[in-house]
*Asks:* 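Below are the structure tokens for one structure; questions will follow.
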Amino acid sequence: MELNKLYDIAEKENIDVINFKMQNKAIIGCLDNNYTIGINYSIIDNSSEEKTILAEELGHYYCNAFYNTNYSKAEIEKREFRASKWAFKTLIPYSKLKELVDKGYKYYYEFAEELGVTEDLLEKAYNYYKVN
């Protein structure tokens, strides 16, 4: 999936995506049932990272995986994983990963480059699909 398609999804869901200066790279919030994704574009290195980050924030929305600083570390990790899982299932479907393996791809960086995602997201997807 291309980056612009993720922005189209956000628009379709009436989720504003704004440039938001903060320490984190991104955050999603809701006020009065209006969702906004804030992305700190100044600390994002490339379009693969932007694509991965936006997909993960949309994953929080679609999986109702929101949290705040009062949540336990375990609960935050659980919700982060749910959001990441949505992201890699959307950006790295098992069928596409298998197709690339069949073409001879071997290294995370090769898959990540071909799919336009970060190696970190690719590794999460690979480990998930390996177990499941």
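Computed over heavy atoms, backbone and side chain alike; hydrogens, waters and symmetry mates excluded.
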*Asks:* Ignoring hydrogens and geometry beyond distance, is a side-chain donor-acceptor pair present between Glu13 and Tyr35 at under 3.5 Å?
*Replies:*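 The criterion, which ignores hydrogens and geometry beyond distance, is not satisfied for Tyr35 and Glu13.
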*Asks:* Under the salt bridge (charged side-chain N to carboxylate O under 4.0 Å, His left out) criterion, do Lys98 and Asp102 qualify, and how do the steps go?
*Replies:* CA-CA 6 Å; Lys98 182 159 177 11; Asp102 293 344; 3.4 Å; yes
*Asks:* Closer than 4.0 angstrom, basic N to acidic O: yes or no for Lys124 and Asp120?
*Replies:*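 Salt bridge present between Lys124 and Asp120.
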*Asks:* How far does OG1 of Thr118 sit from OH of Tyr108, to the nearest 0.5 angstrom?
*Replies:*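 Reported value, rounded in 0.5 Å steps: 12.0 Å.
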*Asks:* To the nearest 0.5 Å, tell me how far Ser84 OG sits from Glu77 CD.
*Replies:*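 Result: 11.0 Å between the selected atoms.
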*Asks:* What's the shortest heavy-atom distance between Leu100 and Phe111, and which atoms?
*Replies:*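 In terms of heavy atoms, the two residues are closest at CB-CE2, 3.5 Å.
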*Asks:* Locate the shortest heavy-atom distance separating Tyr41 from Val17; write the atom from each residue and the value.
*Replies:*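 Heavy atoms of Tyr41 and Val17 come nearest at OH-CG1, 3.6 Å.
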*Asks:* If you round to the nearest 0.5 Å, how far is CG of Asn40 from NZ of Lys25?
*Replies:*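 Going from the NZ atom of Lys25 to the CG atom of Asn40 covers 9.5 Å.
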*Asks:* With the 4.5 Å side-chain cut-off for hydrophobic clustering, are Tyr109 and Leu122 part of the same group?
*Replies:*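 They do not share one cluster, since no chain of ILVMFWY contacts under 4.5 Å joins Tyr109 to Leu122.
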*Asks:* Which distance, rounded to the nearest 0.5 Å, do you find between the CG of Leu6 and the CG of Leu58?
*Replies:*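 So the gap between those two atoms works out to 6.0 Å.
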*Asks:* How long is the gap from CG on Asp16 to CG on Asn34, to the nearest 0.5 Å?
*Replies:*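 One finds 7.5 Å between CG of Asp16 and CG of Asn34.
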*Asks:* Please answer: with hydrophobic residues joined when any side-chain heavy atoms are less than 4.5 Å apart, are Leu91 and Tyr126 in the same cluster?
*Replies:*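 As far as the 4.5 Å side-chain criterion goes, Tyr126 and Leu91 are connected within one cluster.
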*Asks:* Grab the two heavy atoms, one from Met22 and one from Gly38, that are nearest each other, plus how far apart they are.
*Replies:*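 Closest approach of Met22 to Gly38: CE-O, 3.2 Å.
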*Asks:* Answer yes if Tyr62 and Ile27 sit in the same cluster of Ile, Leu, Val, Met, Phe, Trp and Tyr residues linked by side chain heavy atoms under 4.5 Å apart, and no otherwise.
*Replies:*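 No, Tyr62 does not connect to Ile27 through the hydrophobic network.
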*Asks:* Does Ile39 share a hydrophobic cluster with Phe66, counting links as ILVMFWY side-chain heavy atoms below 4.5 Å and allowing steps through other members?
*Replies:*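 Same cluster.
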*Asks:* Please check if atom CZ in Phe81 has more than 12 non-hydrogen atoms from other residues, nucleotides or ligands closer than 6.0 Å.
*Replies:*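 Buried by this count: over 12 neighbours within 6.0 Å.
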*Asks:* When you group the ILVMFWY residues by side-chain heavy-atom contacts below 4.5 Å and let the links chain together, are Tyr105 and Tyr128 in the same group?
*Replies:*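 Per the 4.5 Å side-chain linkage, Tyr128 and Tyr105 are co-clustered.
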*Asks:* Ignoring hydrogens and geometry, is there a side-chain-to-backbone donor-acceptor pair from Lys51 to Leu115 under 3.5 Å?
*Replies:*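 Confirmed, Lys51 side chain pairs with Leu115 backbone.
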*Asks:* So, Glu57 side chain and Ile28 main chain: donor-acceptor pair closer than 3.5 Å or not?
*Replies:*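 Judged by distance alone, yes, a pair lies under 3.5 Å.
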*Asks:* Please test Asn127 against Glu123 for side chain to side chain contact (heavy atoms under 4.5 Å, CB included), starting from the C-alpha separation and ending with a verdict.
*Replies:* CA-CA 6 Å; Asn127 290 332; Glu123 185 176 1; 3.7 Å; yes
*Asks:* Once you measure the plane-to-plane angle for Phe88 and Tyr129, does it fall in the parallel (<30°), tilted (30-60°) or perpendicular (>60°) bin?
*Replies:*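 Perpendicular.
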*Asks:* What pair of heavy atoms forms the shortest contact from Cys63 to Trp86, and how long is it?
*Replies:*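 Nearest heavy atoms, Cys63 then Trp86: SG-CB, 3.7 Å.
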*Asks:* With sequence neighbours excluded, tell me which residues meet side chain to side chain contact (heavy atoms under 4.5 Å, CB included) with Glu113.
*Replies:*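 Side chain to side chain contact (heavy atoms under 4.5 Å, CB included) check on Glu113 returns nothing, list empty.
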*Asks:* Would you check if Leu121 and Glu56 make a side-chain contact, meaning some heavy-atom pair closer than 4.5 Å?
*Replies:*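 Result yes, sub-4.5 Å side-chain heavy-atom pair found.
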*Asks:* What is the distance from atom NZ of Lys5 to atom CG of Leu54, rounded to the nearest 0.5 Å?
*Replies:*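 Separation between the atoms: 12.5 Å.
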*Asks:* Indicate the atoms forming the closest heavy-atom contact of Ile53 with Ala26, along with that distance.
*Replies:*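 Heavy atoms only, the tightest pair is CG2-CB, 3.3 Å.
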*Asks:* Nearest heavy-atom pair of Glu49 and Asn46: which atoms, and what distance?
*Replies:*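 Of all heavy-atom pairs spanning Glu49 and Asn46, the closest is N-OD1, 2.8 Å.
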*Asks:* For the backbone of Asn64 and the side chain of Arg82, can you confirm whether one donor and one acceptor N or O come within less than 3.5 Å of each other?
*Replies:*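 Yes, because the side chain of Arg82 sits within donor-acceptor range (under 3.5 Å) of the backbone of Asn64.
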*Asks:* For Tyr67, which of Glu80, Glu75, Arg79 qualifies under side-chain hydrogen bond (donor to acceptor under 3.5 Å, both in side chains)?
*Replies:*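 With Tyr67 as partner, side-chain hydrogen bond (donor to acceptor under 3.5 Å, both in side chains) holds for just one option, Glu80.
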*Asks:* Check the surroundings of atom CD in Glu11: do more than 12 heavy atoms from other residues, nucleotides or ligands lie under 6.0 Å from it?
*Replies:*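 Open: at most 12 neighbouring heavy atoms sit under 6.0 Å from CD of Glu11.
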